[in-house]
Amino acid sequence: RSHLLLDLSYPTAMRPFGLWPLLFASPAPEISPAGQVVNHFRELYRDLDDANANVQYTPSISFNYVVPPSETDSSSWRCDSQKDVLESRADGADKFFQCVSASHESRKPLALYLPGLDGKGISANLQFDDLAETFEFWRMTVSTDDKTSFTGLVDAVSKFINDAAVMFDRDVVLIGESFGGLLAPAVAIRARSEYFRAHNGEEHLLDPIKGLVLVNPATSFEDTNWSTFAPLLAQLKHLKDDSGQNSNLPFGLPTPYSVVGGLALAASIPDSNQFQRIVSLITDTKVRSAEELTDVLENMVAGFGILDDQLPADIVEHRVGQWLPVGSKVVNPRLSSLNVPTLVIAGQEDNMLPTKKEADRLVNIMPNCTKMEIEGSGHFVLDERVNLTNAIIESNIAPIELPKIDYDPIADWELPSDDIVRETIENRVKPLRNLVSPVFISTGQDGRRRMGLSHLPASEDGKPMLFVANHQFGGLDLGIIISQLIEERSIKARGLAHPIVFQSGNGNPFGGNDGPAQTEQVQDANGDPFSPGLFETFGAVMVTPRNYYRLMQTGQNALLFPGGVREVFHGKDEAHQLFWPEKVDFVRIAAKWNATVVPISAVGAADSVNILIDAPDILKLPFGIGERAANNSANVMSARFDGDEQSELFQPPFALPKPLPARHYFVFGTPMDTEHLDHSDKEGCENFYDNVKSEMMRGFDDILQARENDPWKDTARRIAFEQVTGKIAPTFSVNELH
């Protein structure tokens with residue numbers, strides 16, 4: 001099959017809104033030109049349905065991965081070895097996405113092609129090989145009988161982008177042709193509402209859509225007569241001529257719908273160059289016998305039948321009547337606010353849509369849009385005269401070639417030397433320890449508490465542990481937890497930290513004074529500097545879905561605070577409450593990698609301050625105080641890519657520290673294994689999520705009651721005792737916890 005792809009040269013009239021078929025090869029002597037055309041298109045449609053490995057999102061919508069041709073047997077997207085290159089397809093969609101990304105070491109941006117009304121993308125297949133070499137290239141396929149709503153299409157594409165890109169923090173370029181050029185901006189608009197936040201005019205772009213390529217887009221549908229003509233055309237389905245069944249012809253006659261539809265498309269699709277080729281094809285066809293005439297007529301009927309097969313009348317009626325008008329009403333009023341780098345590729349002789357005029361309109365109304373006009377091209381613009389890959393690379397879309405990454409902060413991180421660890425703990429952790437005298441308690445699988453961390457699970461290669469804690473007031477407990485895990489159990493837990501920590505280029509994972517700013521370097525015993533800030537040096541990474549996913553994927557231990565800023569800056573009456581998101585994503589990812597989840601209930605920081613004004617009330621203060629506070633909060637990047645403003649208000653309450661801080665207690669709850677939890681089981685993950693929170697609340701209840709019997713609860717007496725004796729003050733009996 002693949003050799004036909006290299007010599008395609010002739011168009012035909014079977015392409016409504018992105019369905020203009022490709023040209024065919026020079027015919028073999030024993031097959032007539034008409035037969036060659038029909039066979040080619042049938043094979044091409046078959047390959048578009050079946051050639052590539054795919055991930056099914058609905059019974060009628062799938063997304064197909066195109067392996068780079070250089071990695072296949074015959075250097076073509078249509079080669080039979082396409083599906084064999086990635087043998088992990090059967091292991092599930094998530095595993096498939098990982099395998100695809102790993103095949104190019106996550107160096108390629110992801111490109112997704114959205115087809116025209118045919119749902120296949122036959123018109124663009126000459127571009128697939130080049131696109132697959134440069135991008136991780138996917139194409140959407142919609143089955144012939146699909147009658148999904150426009151919103152359903154947007155949902156399916158958005159879900160795919162979430163699974164293939166958002167979960168891995170990857171960039172996406174959407175390529176939409178004809179109707180796909182209307183669907184692509186609708187998806188981009190949806191992405192902005194899901195992964196985009198704006199504060200006081202300053203935008204924080206968090207969505208993965210880095211560029212749009214709109215090829216003869218159907219955003220101009222409202223300026224055409226197709227809304228009137230297409231329903232009339234579809235009504236021809238009721239005129240079924242059965243005379244062919246009673247005739248002496250060796251084949252049936254084409255349906256009125258296929259004949260009228262084919263002729264209408266032949267009149268509107270080709271540009272002048274393509275039309276001349278059609279004429280040449282007809283005039284070059286020689287009929288020297290009744291047998292050859294029969295062959296010509298039979299292939300003409302079969303050619304018209306392709307339209308019946310690939311775009312039946314009722315499907316055209318649905319898609320033209322539902323997809324295009326609904327999409328136009330959704331997209332066009334919002335294009336002026338869609339600030340995504342956009343390239344419009346416009347055929348100047350497009351007779352199907354007023355593309356030349358539409359390209360000018362889009363450039364004028366879209367904030368970041370450029371156009372490429374293809375002189376002499378019609379609606380079928382992606383033929384051999386255009387190199388779509390080069391057009392994208394040279395466009396206003398962000399540079400395609402990604403820089404080589406020499407250091408991977410997830411996979412390549414190692415704990416600093418023992419000397420650095422001891423020195424850092426001595427200088428950064430010990431001063432805070434001396435003030436709060438932390439008490440650590442662990443819990444066995446039997447649910448019984450033990451002093452110290454002896455009952456934590458041992459670290460196992462390839463099996464991650466996820467420590468999930470409430471974030472105490474002020475957020476200074478991260479270093480106390482991490483250092484204790486290192487010293488007592490040699491467990492390296494990597495903190496997932498708020499983006500603000502990384503904005504200054506340095507950070508202190510152990511709380512307290514950060515010391516000198518960016519110029520400070522941590523050196524090991526040999527004097528080698530650690531170029532990242534101290535925070536990163538001890539394993540902290542920004543809390544993003546991708547970073548969390550990769551930590552679990554690589555079998556590393558992590559420390560997560562699901563309550564985030566909301567818990568750090570809690571109000572007067574909100575101590576020891578959990579402010580977690582409704583989504584259970586951290587459980588789902590933990591289950592995917594069989595992580596052991598260990599809840600941590602932390603108590604003490606809230607008792608060390610007097611909160612006078614809650615954070616939301618500060619925003620209401622007069623004399624411009626509240627306004628300045630709101631502006632400062634708005635300028636802080638959110639840690640939650642899907643959070644609302646209230647859940648990510650980065651404004652501390654007005655609080656005064658008490659003369660001496662209260663003693664801190666950390667209860668490590670019962671380890672909870674996810675090995676038998678199916679990450680795709682929504683209800684199961686929700687129940688597990690609730691169980692984690694219940695175990696944390698049990699920790700709060702136990703420690704709040706038991707600490708009343710701590711003989712050294714009084715901070716002044718405790719500090720004096722520890723200074724005189726040089727020992728850590730004892731606490732209550734562990735039996736108080738049972």
Do you see a donor-acceptor pair shorter than 3.5 Å between the side chains of Y548 and D585?
-> no
Distance-only side-chain donor-acceptor flag, W580 / E567, under 3.5 Å | yes
What residues form a side chain to side chain donor-acceptor pair (under 3.5 Å) with K658, not counting sequence neighbours?
-> none
Rounded to the nearest 0.5 Å, what's the gap from NE2 on H455 to CD on Q445? Could you check?
-> 10.0 Å
Ignoring hydrogens and angles, tell me if any N or O in the side chain of T715 forms a donor-acceptor pair with the backbone of P661 under 3.5 Å.
-> yes
For the side chain of E695 and the backbone of P599, is there at least one donor-acceptor N/O pair under 3.5 Å apart?
-> no
Exceeds 12 heavy-atom contacts within 6.0 angstrom, atom CD1 of I728 | no
Could you tell me whether a side-chain N or O of Q556 sits under 3.5 Å from a main-chain N or O of I410, the two making a donor and an acceptor?
-> yes
Interatomic distance, L432 atom CG to S437 atom OG [nearest 0.5 angstrom] = 10.0 Å
If you measure from OG on S601 to CG on L578, what distance do you get to the nearest 0.5 Å?
-> 7.5 Å
Check V609 against A655 and note the closest heavy-atom contact, atom names and distance.
-> CB-CB, 4.4 Å
Are any non-hydrogen side-chain atoms of P109 and R170 less than 4.5 angstrom apart?
-> no
Listed partners of R449 passing side chain to side chain donor-acceptor pair (under 3.5 Å), at least two apart | T443, D702
Identified ring pair (Phe, Tyr, Trp, His ring centres under 6.0 Å) partner of W138 from the options Y57, F97, F63 = F97
Taking every heavy atom of S442 against every heavy atom of G452, the minimum-distance pair comes out as OG-O, 2.7 Å
Any residue meeting side chain to side chain donor-acceptor pair (under 3.5 Å) with D673, in chain and number order, not counting sequence neighbours | K463
Could you tell me the separation between the CD1 atom of I61 and the CZ atom of F160, rounded to the nearest 0.5 Å?
-> 12.5 Å
Please say whether more than 12 non-hydrogen atoms of neighbouring residues, nucleotides or ligands are located less than 6.0 Å from CG in D446.
-> yes
Would the number of heavy atoms belonging to other residues, nucleotides or ligands and lying under 6.0 Å from CD of E708 be above 12?
-> yes
Would a 4.5 Å heavy-atom cut-off, applied to side chains only, mark M167 and N162 as touching?
-> yes
For K572, does the NZ atom sit with more than 12 other heavy atoms under 6.0 Å from it, leaving out its own atoms?
-> yes
Taking H471 for the side chain and A469 for the main chain, is one N or O donor matched with an acceptor at less than 3.5 Å?
-> no
Do L456 and L485 come close enough that some side-chain heavy atom pair is under 4.5 Å?
-> yes
Judged by atom type as modelled, is there a donor-acceptor pair below 3.5 Å linking the side chain of Y689 to the main-chain atoms of V587?
-> no
Okay, side chain of R494, backbone of K492: is any donor-acceptor separation there less than 3.5 Å?
-> no
Residue Q56 excluded, over 12 heavy atoms near CD under 6.0 Å | yes
salt_bridge(D163, K159) N-O dist < 4.0 Å = yes
Hey, are E574 and R566 close enough for a salt bridge, meaning a charged N less than 4.0 Å from a carboxylate O?
-> yes
E136 pairs by side chain to side chain contact (heavy atoms under 4.5 Å, CB included) with which of V172, V100, L112?
-> V100
Is any NZ, NE, NH1 or NH2 atom of the basic residue among R663 and D607 found under 4.0 Å from an Asp or Glu carboxylate oxygen of the other?
-> no
Student check: side-chain heavy atoms of N547 and D169 closer than 4.5 Å = no
Are I441 and M451 close enough that some pair of their side-chain heavy atoms sits under 4.5 Å apart?
-> yes
What's the shortest heavy-atom distance between S62 and N64, and which atoms?
-> OG-ND2, 3.6 Å
Roughly how far, to the nearest 0.5 Å, is OG1 of T674 from CG of L466?
-> 9.0 Å
Beyond-backbone contact of T731 with Y665, side-chain heavy atoms, under 4.5 angstrom | yes
Heavy-atom pair of closest approach, residues M465 and M552 | O-CE, 4.3 Å
Check: R433 side chain, E426 main-chain N or O, donor-acceptor pair, under 3.5 Å = no
Would a 4.5 Å heavy-atom cut-off, applied to side chains only, mark R698 and T670 as touching?
-> yes
Is the closest side-chain heavy-atom distance between S483 and R428 below 4.5 Å?
-> no
Side chain to side chain contact (heavy atoms under 4.5 Å, CB included) between F440 and I480: does it pass, once the steps are laid out?
-> CA-CA 10 Å; F440 292 89; I480 295 179; 3.5 Å; yes
